[in-house]
Structure formats: C-alpha cells, structure tokens
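These numbers come from the heavy atoms of this one structure, side chains and all, not from hydrogens, waters or symmetry mates. In what follows, chains are A, B, ... by sequence order, proteins preceding strands, each numbered from 1.
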Amino acid sequence: MAEQNCLVENDWICGEYLRSRGHELAEATVQHIWITAASVLIGLAVAFPLALLARRGRHFAGPVLGLTTVLYTVPSLAMFSLLLPLFGLSAALVVTGLVLYSLTILVRNILAGLEAVPQEAREAAKGMGYGPVRLLWEVELPLALPALMAGLRIATVSTVALTTVGSLVGKGGLGNLIEDALPSFFKAQVLTASVLCVLLAVAADLLLLGVQRLLTPWTRIRTPARASAGAGIAKTEAV
Amino acid sequence: MGVIGEAWTWLTTGANWSGDGGAAHRLAEHLYVSGIALAVACAVALPVALYLGHVGKGGALAVNLSNVGRAVPVFAVLALFMMTPLRNSGYLPTVIALVLFAVPPLLTNAYVGMTGVDRSVLEAARGMGMSGRQLFVRVELPLAYPMIMTGLRSAAVQVIATASIAAMVGLGGLGRIITAGFNTYDTAQVFAGAVLVALLALVVEGVLVALDRLLSPLRRRRTA
C-alpha cells in the first residue's frame, strides 16, 4: 500500500513510479544516449580535420582555436535558441549545438596530443620511408591517442549533462522528463531523471576509459618515468 | 534573414526593454545573481585551493570536484531546487546553483596553479630564508596567478550560462526573454534574447581577459 501511495504523496523516491513509467524512462534514456553519441561522433569527425589544419601553423591555429573558444563561451540556452531559425524544433538543432560545444575540448586535446609526439619518432618513421598519411595514421595518431581519449571523455561527460537543456525544444532526452515534471512539482520524476543522467555520464566515462585501455595497451607498462608522465597528463586533464 | 531583421526590431523597440519583464530588468537580475554568486564562490573556493596548494595536499579532491561539476546537469540541479521550499525564496535557489557550479573551476585551476610552481624556484626561495608566509605571498601566488585567473574566467562563463538556464525552471534572468519567446511561439524574441545572452557572456569574458592583462603581477615586474 505504502508503495502505491508514494505517487499521491509525491515522495522523492517512488518504486511505483519506476514500475508504472518504466517505458517512459527507457524512451527518454534512449533519446539521451543517441543524441549524445551522435553529437560526440560528429564532433570528433569535425574536430580532427580542424586540429590537423591548426597544426599547419600559426595562421590556422589562431582562428581555429579562437573560434572554438568563442563558441564555448556562448551559454547553451542561447546557442540552442540561435540555431532555432536554421533548424526549427528538431533533434538536429540540439545535436548541432552540442557538436559546436564539443569542438573546443576535442580540437585542443587532439592538437596537444599531436604536438607532444616526440620529434625522434617522426624522424625515425620518415627515415624508414613513411609518407605523411602513413606517418599520421601509424605513428602520430597512436601516440596522440591518450590525449585524444582524455578530451573525448571530457567532451562526452559534458555533452551528457548539456543534452538536458535540449528539452527547450522538446529533444532533451531525460531533460524532457524533468521539464514535464516542473509544473506539477513531481519530485520522483525529477530526481529519477537527474540521477539517471549522472549515472549515464559516469557509465559513458567508464566505457571510454575501457576503450582507451584496449586501444593503448603500451601505456599500462609501468616504469617510473612513465608513471610521472601519466601524472602530468592527469594534471592537464584537470584544466 | 527575416528572423534576424525581426530580432533587430525587437531589440530596438523601447517597450521591450522597460517594465518588470523587460530586457533591462532581466539584465540587471542576471548581473546581480551572477555577481553575488561569483563573489561567494571565490570567497569559498580560493582560500581552500590556495591553502591546499600551499601545503601540497588534497589533489584528488581538486581533480574529482571538477569532474563531478561536469557530470551534473545544471538544469537538473535547478529543477531539484524547485521541488523544495527553496523555490519561494527569491533569487536564493539560482545563487546556490551558480555557486555550486562556479566552485569546481575556481578550485581546480587555483590548486593546479599552486602545485605547478617549479620546485627549484621554491627551494631557491627557501634557501634565501623566506618564511612559509613570504613564500606564499611573494613566490607561489604571483606564479599561480595566470591559472587562478583562468579559473576565474571559466567560472564566470559558467555562472552566466547557468543563470540563463535558471529561466527554464521559471527563475529570473535574461534567459526569461528566450523562454517567454518559446511560450508565445515568437521566434524573433527567442533569437533576440539569445543574442543578448551570448553578447553578455562574450563581453564578460572580454572584460576578464583585459583585467587579467592589466593586473598580471609578472607584467608589472617587467615594466618596472
């Protein structure tokens, strides 16, 4: 009986809510995941050529880094609203906004990773007859992978959180449930959706950490020199 | 192009700026809550970060705090506040939310700045007979200054953005112009409000960059 009453009593935690609105929660979570995944993947696809462009010299680096920083400064509510005349009330609007946000972190980290590749490694590859494309794919990219993955993790976690603002145009995944619950002060729905959102961010972060470990098995060989280099990366990540 | 013209008309119409829900009042609200929140966040985060950085402890706290700050949606926190009696206390829920999201960048950057000071510089200062306090004021603080300012800038940007999201749960601020536009299907007003919010964020960022250059302790040393 107590469990059935928790909807009427408007309790924070309500088992009956989870049971009766389970499909709604699942639907919102699925929307949240695909909006986040699409945004981060498109962001990566755009950020990579931009980072390569920025690497070609100061002429390109200044405008690319400047523009992505300006985009990052624009508050999410304004960003989504500015895109409204272009996209209307659609998921494309939310995805585009989130892509623009992810660019700042992704471009910076990919660039930092590529620039940290030791010159000797490059020279050695060139000496072995590697062309520029093979050099990039087989030497530079693997060495830049830890920095790239660190950026990808930060971008993904912030994208999961920012997706909720998409409820402004009705495409905010779990944010939609929060928005719907506001007028009636439906505590259980707000709390459940919020907690799910944070769990989603943590799960995505752990998943990417796992992917990073699979992709870069050599970073797990612990020597004292490596351990201190790892600490250095952790520090820049925090910024 | 039509929307941009209409938004311009909205922005240049005096009636849209006056009154309780007018842009001028919303802008004042926005600056008021943002200013208070940033000041409170600095008062809380900076002493803690500078102390921890000085004694070299609590690194895990500083890093984890900024990760948690990123993972928690602003909108969710504001919505949760609206479910509590806090919703009846004026600007308080907005200010609390803003402080919560401004503390992580301030704390993490100041801490990283303090611990990033070159060890050999510290050793040299100690060798010159500086006390812990002198070391803090004359060596660590000036060298950590750029990172502290970086933290202040990202906190300010975060605060302005968070204050606009407050409109989504019915609280005051410039974001209300946008949400009001959505409610009346007035795309021009939504666009005009978005331009105002974006401009405010960019201006605040610009002012802080300029302040940073003017106040930098290393710059003063060079010109003197």
Between CZ of B:R70 and OG1 of A:T156, what distance do you get to the nearest 0.5 Å? 11.0 Å
Top contributor to chain A interface from B:G181, B:A188, B:G193, B:A161 [non-hydrogen pairs under 4.5 Å]: B:A161
Is there a side-chain contact between B:I178 and A:F80 in this structure, where contact means two heavy atoms from C-beta onward sitting under 4.5 Å apart? no
Pick from B:V197, B:L80, B:V74, B:I165 with the largest number of heavy-atom pairs that fall under 4.5 Å of chain A: B:L80
Quick one: what part of A:A78 sits under 4.5 Å from any heavy atom of chain B, side chain, backbone, both or neither? both
State the OG1-CG distance between A:T73 and B:L200, to the nearest 0.5 angstrom. 12.0 Å
Okay, B:V204 and chain A: the region with an atom under 4.5 Å from a heavy atom over there is neither
In terms of heavy-atom proximity below 4.5 Å to chain A, should B:F182 be classed as side chain, backbone, both, or neither? side chain
Which atom names give the shortest non-hydrogen contact between B:A194 and A:S81, and what distance separates them? CB-CB, 3.5 Å
Please say whether more than 12 non-hydrogen atoms of neighbouring residues, nucleotides or ligands are located less than 6.0 Å from CH2 in A:W12. yes
Relative to chain A, which of B:L202, B:T179, B:V195, B:V77 shows the most heavy atom pairs under 4.5 Å? B:L202
Give a yes or no on this: more than 12 heavy atoms of other residues, nucleotides or ligands lie within 6.0 Å of atom CZ of A:F48. yes
Is there side-chain contact between B:M83 and A:L182, with heavy atoms separated by less than 4.5 Å? yes
Please report the interatomic distance CD1(B:I160) to CG(A:L77), rounded to the nearest 0.5 Å. 13.0 Å
A:V190 versus B:F81: any side-chain heavy-atom pair under 4.5 Å? no
Checked A:L168, A:D205, A:V160 vs chain B; the most non-hydrogen pairs under 4.5 Å come from A:L168
Could you check which of A:V74, A:T164, A:V198 has the highest count of heavy-atom pairs closer than 4.5 Å to chain B? A:T164
If I measure from the heavy atoms of chain A, does B:V157 come under 4.5 Å with its side chain, its backbone, both, or neither? side chain
Counting only heavy atoms not in A:L86, do more than 12 sit closer than 6.0 Å to its CG atom? yes
Heavy-atom cut-off 4.5 Å, strictly under: side chain, backbone, both or neither for A:L89 against chain B? side chain
Chain B interface, residue from A:P85, A:A201, A:A181 that has the most non-hydrogen pairs under 4.5 Å: A:P85
Under 4.5 Å, counting heavy-atom pairs only, tell me which of A:P183, A:A193, A:G175, A:C197 racks up the most with chain B. A:G175
At what distance, to the nearest 0.5 angstrom, does OG1 of A:T69 lie from CZ of B:R153? 9.0 Å
When the 4.5 angstrom heavy-atom criterion is applied to A:V165 and chain B, the contacting part is both
Using non-hydrogen atoms only, which part of A:V70 is less than 4.5 Å away from chain B: side chain, backbone, both, or neither? both
Atom OG1 in A:T163, atom CZ in B:F75: separation rounded to 0.5 Å? 12.5 Å
For A:A204, which atoms come within 4.5 Å of any heavy atom of chain B: side chain, backbone, both, or neither? neither
Do B:N67 and A:V157 make a side-chain contact, defined as non-hydrogen atoms from C-beta onward lying under 4.5 Å apart? no
Check this for me: A:F186, atom CZ, are more than 12 non-hydrogen atoms of other residues, nucleotides or ligands nearer than 6.0 Å? yes
